[in-house]
Amino acid sequence: MGSFTAVLLAVLVQSSSASLFSWKDHPDESFSSGWKDSSAEGVEERIRRAKMELWSRGAFDLDDTSTEMECHDIMDDLDERNHCIASLWERKASLSPMRVGPMKNARRGHVSVGDSACLEFGCDLWTGGLSNDHHGQSLIRNMPRGGGDGGVSLSDSNYQEELEKKLTLLGDTFGKEFRDAIEQNKIEHASDCAESCELFYCAKNDNRAHVEEVLNNTNIKSYSFGSVPPEDFAGAFGFPLDIIKVTEGEPLFSSSEAADVIRKAENEDVDKNEYESGKYKLGGDWLVNLPQTREWFNKRLETTLFPLLAHLFPEIVSRPSVLRAHSVSLLKYNSSHPRTDVHIDNGILAMTLAMTPQSDYSGGGTFFEHMGVDNVLAMDVGHGTFRPGSVRHGGHPVTSGKRYILGAFLLLEDRVEHVRRLKNRGSELRRSDDLDGAEKHFEWALAINPKCTTCLKDWAEILVTRKQFAKAETKIRAALDLLENLDSDALFTLGIILSETGRDEESIQAYKESVSLNADDAELCYNLGIKFGARGDTKAEMTMYARATRIDPNFGGAWINWGTTLAENGNMEDAEVMFLKAIECCPDVAMKAHMNLALVYKTRAESLASGGNNMEGAKAAISDAAKQLESAKPLLMFEHGDDDDADSNRYAAQYKPLRIQCHRLKGQILAGMGDYESCRAEFQQAADQFPDVPGVWNMLARILDLMGKTDEAAQAHAKASALLNGTT
């Protein structure tokens with residue numbers, strides 16, 4: 001065995017984090033700061049950056065002793081030893097398997113309390129608009145949970161009069177912008193109502209006769225709306241807030257009638273369409289695109305639904321003729337489109353009609369978050385749920401079969417939903433990056449109704465974006481206090497805020513509470529997995545990634561992090577499966593999966609080559625690693641440079657050092673097999689690819705020396721020296 005092979009086998013028995021040549025053979029080929037900065041301060045800063053990079057990827061047990069010992073034995077010069085230590089830390093950082101970072105987008109959505117009751121009218125005003133002194137501050141007092149104003153509901157005329165007085169007072173406080181926004185609300189409301197009448201039934205008179213027939217045969221069961229009244233017209237609802245209404249007994253329409261509606265809708269291709277609902281995809285379509293289905297719905301609005309809604313919600317529906325249907329859809333659930341996200345509806349009232357017999361599917365039903373994870377309201381065909389739109393709910397997963405429901409949002413022609421419209425416009429401004437404008441609209445909405453929890457949550461999201469975490473925490477805790485902690489999205493946002501402020505244990509607790517409310521939230525399980533990993537609980541970490549990928553098989557980040565955790569625990573075989581799964585299902589993380597697979601195959605090559613036992617297997621493994629890097633390369637070129645994607649940029653920065661490591665290891669393996677010419681070709685390829693790296697030229701010079709090609713070796717040495725001295 002030649003001297004080169006002896007050196008090869010000696011270094012291959014070291015840990016994978018150690019260099020594969022002696023440090024002097026390839027000084028700092030990947031970090032430009034390594035050789036030029038001789039100051040102690042520069043070295044310490046390099047070590048600090050490398051450790052922080054490792055820590056950010058989940059390497060929390062950083063052993064200084066072994067790293068320093070590697071350099072202590074080979075360097076007498078203090079500066080060179082310090083450079084050696086810094087370079088080894090940097091190399092560890094460059095080759096560490098990398099996790100994907102957590103989801104940091106807060107979920108949509110503490111007001112100080114005093115001693116006087118306030119809900120919608122009679123509240124102290126938010127102070128000072130958006131001035132520097134009072135931005136986000138409130139003088140709102142002691143807001144009771146539940147219905148309006150101690151259980152006293154205002155008559156319609158008194159309500160409208162009080163609302164106009166309050167809007168006038170708020171106009172004096174906030175100025176012309178607020179007054180203009182209120183006028184815009186009125187214009188948009190009138191336009192939406194007029195458009196509704198072009199598509200859907202609008203009553204010309206108030207026929208309540210049929211509702212008596214409906215109620216003679218159908219029972220209505222009432223459920224609690226939760227601790228917070230509807231966002232608009234809150235003062236009109238009194239205690240108790242039992243305003244989720246579900247029909248029982250005789251259905252509103254027969255199963256044969258529903259089957260005929262579905263048959264016509266499928267003839268209109270409703271079952272071939274899909275669209276996104278939050279984090280999920282649904283089948284179905286809007287009734288605007290289903291004229292036969294819309295014709296049936298309009299008849300039911302006239303004969304059944306509008307009279308029934310007026311009867312169920314007399315607090316706000318003055319007569320059936322003011323009801324307006326908008327945003328009406330027929331939705332299809334099955335095992336591939338199983339559920340909706342937890343959400344609120346975009347209307348003062350909303351309804352869900354069951355269009356499929358329960359015998360046709362498993363699972364399903366409507367889940368109201370404040371009722372608890374196990375409390376699902378199921379409806380058989382022909383029955384309906386009627387409720388104010390601002391309650392958080394979702395479609396419970398359908399596990400088999402096919403379920404259709406018809407969902408509709410409703411407006412009231414004689415009542416403008418100022419809170420909802422201000423909040424929605426604020427969300428639109430946020431999406432267009434007008435964060436100041438968005439904050440104003442959320443503040444205005446809260447001035448009308450201090451219990452608008454989605455306004456508080458949306459405002460908190462903006463503050464998270466601006467990294468104003470203390471103010472964001474105040475807003476999100478105010479929402480959670482009103483909601484009695486029964487809001488998984490608000491708890492998710494709180495978890496992000498606590499994580500960003502270094503309060504990991506509190507963050508984990510917030511995520512756990514969120515999971516207890518909505519266990520089928522893939523992003524939530526993913527973030528909780530990251531937090532478990534951060535504190536070293538790898539079993540719990542991988543359990544969360546398993547749950548996230550079960551909920552959403554296309555969640556690439558969870559596959560990546562699951563594989564990384566397995567790799568860090570020495571289970572390379574299963575790690576390989578996870579990274580391959582990420583490539584198969586998730587183009588958005590394919591580059592990262594290719595990079596981590598390259599690390600898996602490189603580690604496998606080192607293990608196979610150790611002791612010279614399986615050099616052919618080692619050669620195949622390191623060739624596989626190189627192929628993975630070549631697959632990642634075009635994706636890196638596409639993704640690198642986006643300042644908003646720190647993960648992609650971090651991966652892109654590791655391509656070069658990892659590719660050089662693969663060239664070096666393959667060359668060593670080839671030399672160990674006695675194939676010096678192929679080793680030389682491998683190192684020459686590295687030099688052609690990375691001509692600016694001194695260590696690459698030193699590798700090439702060494703094999704040329706061993707092959708007796710002294711002139712070519714001298715040229716390679718000279719190239720390395722010129723790069724090191726900055727003379728090239």
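Since we're looking at a predicted model, the values are computed, not measured.
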Inset, instruction - Determine whether more than 12 heavy atoms belonging to other residues, nucleotides or ligands lie under 6.0 Å from atom CG of D688. - result: yes

Inset, instruction - Identify whether the distance between the nearest side-chain nitrogen and carboxylate oxygen of R680 and E712 falls below 4.0 Å. - result: no

Inset, instruction - Starting at OH of Y511, measure out to CG of L494 and round the result to the nearest 0.5 Å. - result: 9.0 Å

Inset, instruction - Would you indicate whether the side-chain heavy atoms of E541 and I530 approach each other to under 4.5 Å? - result: no

Legend entry - Electrostatic pair R466:E439 at N-O distance under 4.0 angstrom: yes

Legend entry - Salt-bridge present (E630, K627; N to O < 4.0 Å): no

Legend entry - Nearest-0.5 Å distance, NE2 of residue H717 to CG of residue L700: 9.5 Å

Legend entry - Candidate pair F579 and T564, rule side-chain contact (heavy atoms from CB on, under 4.5 Å), full reasoning: CA-CA 8 Å; F579 296 142; T564 300; 3.8 Å; yes

Legend entry - H663 and F690 aromatic ring geometry - parallel, tilted or perpendicular at 30°/60° bounds: perpendicular

Legend entry - Beyond-backbone contact of V600 with T603, side-chain heavy atoms, under 4.5 angstrom: no

Inset, instruction - Using atom types as modelled and distance alone, determine if a side-chain donor or acceptor of T565 lies under 3.5 Å from a backbone N or O of N561. - result: yes

Legend entry - Side chain proximity check, V577 to L566, heavy atoms < 4.5 angstrom: no

Legend entry - Side chains of R547 and M544 in contact at under 4.5 Å (non-hydrogen atoms): yes

Legend entry - Sidechain N-carboxylate O distance under 4.0 Å for D675, K619: no

Inset, instruction - Give the intermediate values and the outcome of side-chain contact (heavy atoms from CB on, under 4.5 Å) for residues L580 and L597. - result: CA-CA 8 Å; L580 288 170; L597 267 176; 3.6 Å; yes

Inset, instruction - List the atom of A720, the atom of P694, and the distance in Å for their closest heavy-atom pair. - result: CB-O, 3.6 Å

Inset, instruction - Calculate, to the nearest 0.5 Å, the distance between atoms SG and CG belonging to C585 and D552 respectively. - result: 8.5 Å

Legend entry - Heavy-atom pair of closest approach, residues D705 and T710: OD1-CA, 4.5 Å

Legend entry - Nearest heavy-atom neighbours spanning K512 and F532: CE-CZ, 3.6 Å

Inset, instruction - First locate atom CD of E523, then atom CZ of F555, and finally report the distance between them rounded to the nearest 0.5 Å. - result: 5.5 Å

Inset, instruction - Kindly indicate whether the side chain of R604, heavy atoms from C-beta on, has any atom under 4.5 Å from the side chain of E573. - result: yes

Inset, instruction - Start with the C-alpha gap between L463 and F469, add the side-chain angles, then the distance that decides, and say whether side-chain contact (heavy atoms from CB on, under 4.5 Å) holds. - result: CA-CA 7 Å; L463 294 168; F469 298 118; over 6 Å; no

Inset, instruction - State, yes or no, whether a side-chain contact exists between E616 and M673 at a heavy-atom distance under 4.5 Å. - result: yes

Legend entry - Test side-chain contact (heavy atoms from CB on, under 4.5 Å) applied to D692 and K656, step by step: CA-CA 11 Å; D692 59 330; K656 182 175 179 179; 2.8 Å; yes

Inset, instruction - Would you mind checking if K531 and E506 are paired as a salt bridge, meaning a charged N to carboxylate O distance below 4.0 Å? - result: no

Inset, instruction - Ignoring hydrogens and angles, tell me if any N or O in the side chain of S488 forms a donor-acceptor pair with the backbone of S514 under 3.5 Å. - result: no

Inset, instruction - Locate the shortest heavy-atom distance separating I622 from C662; write the atom from each residue and the value. - result: CG1-O, 3.7 Å

Legend entry - Backbone N/O of Q715 and side chain of W697: donor-acceptor pair under 3.5 Å: no

Legend entry - Expected output: side-chain T543 to main-chain K539 donor-acceptor under 3.5 Å: yes

Legend entry - Minimum-distance pair of heavy atoms, taken over all atoms of A490 and I476: O-CG1, 3.5 Å

Inset, instruction - Would you indicate whether the side-chain heavy atoms of Q685 and K666 approach each other to under 4.5 Å? - result: no

Legend entry - Straight-line distance of E461 CD to D489 CG, nearest 0.5 Å: 10.0 Å

Legend entry - Atom pair CD (Q628) and CD1 (I583), whose distance is rounded to the nearest 0.5 Å: 5.0 Å

Inset, instruction - Compare all side-chain heavy atoms of Y526 with those of D521 and state whether any distance is below 4.5 angstrom. - result: no

Inset, instruction - Return the minimal non-hydrogen interatomic distance between L629 and Y655, and the atom names on each side. - result: O-CE1, 3.4 Å

Inset, instruction - Run the salt-bridge test on D458 and K475 with the 4.0 Å N-O cut-off and return the result as yes or no. - result: no

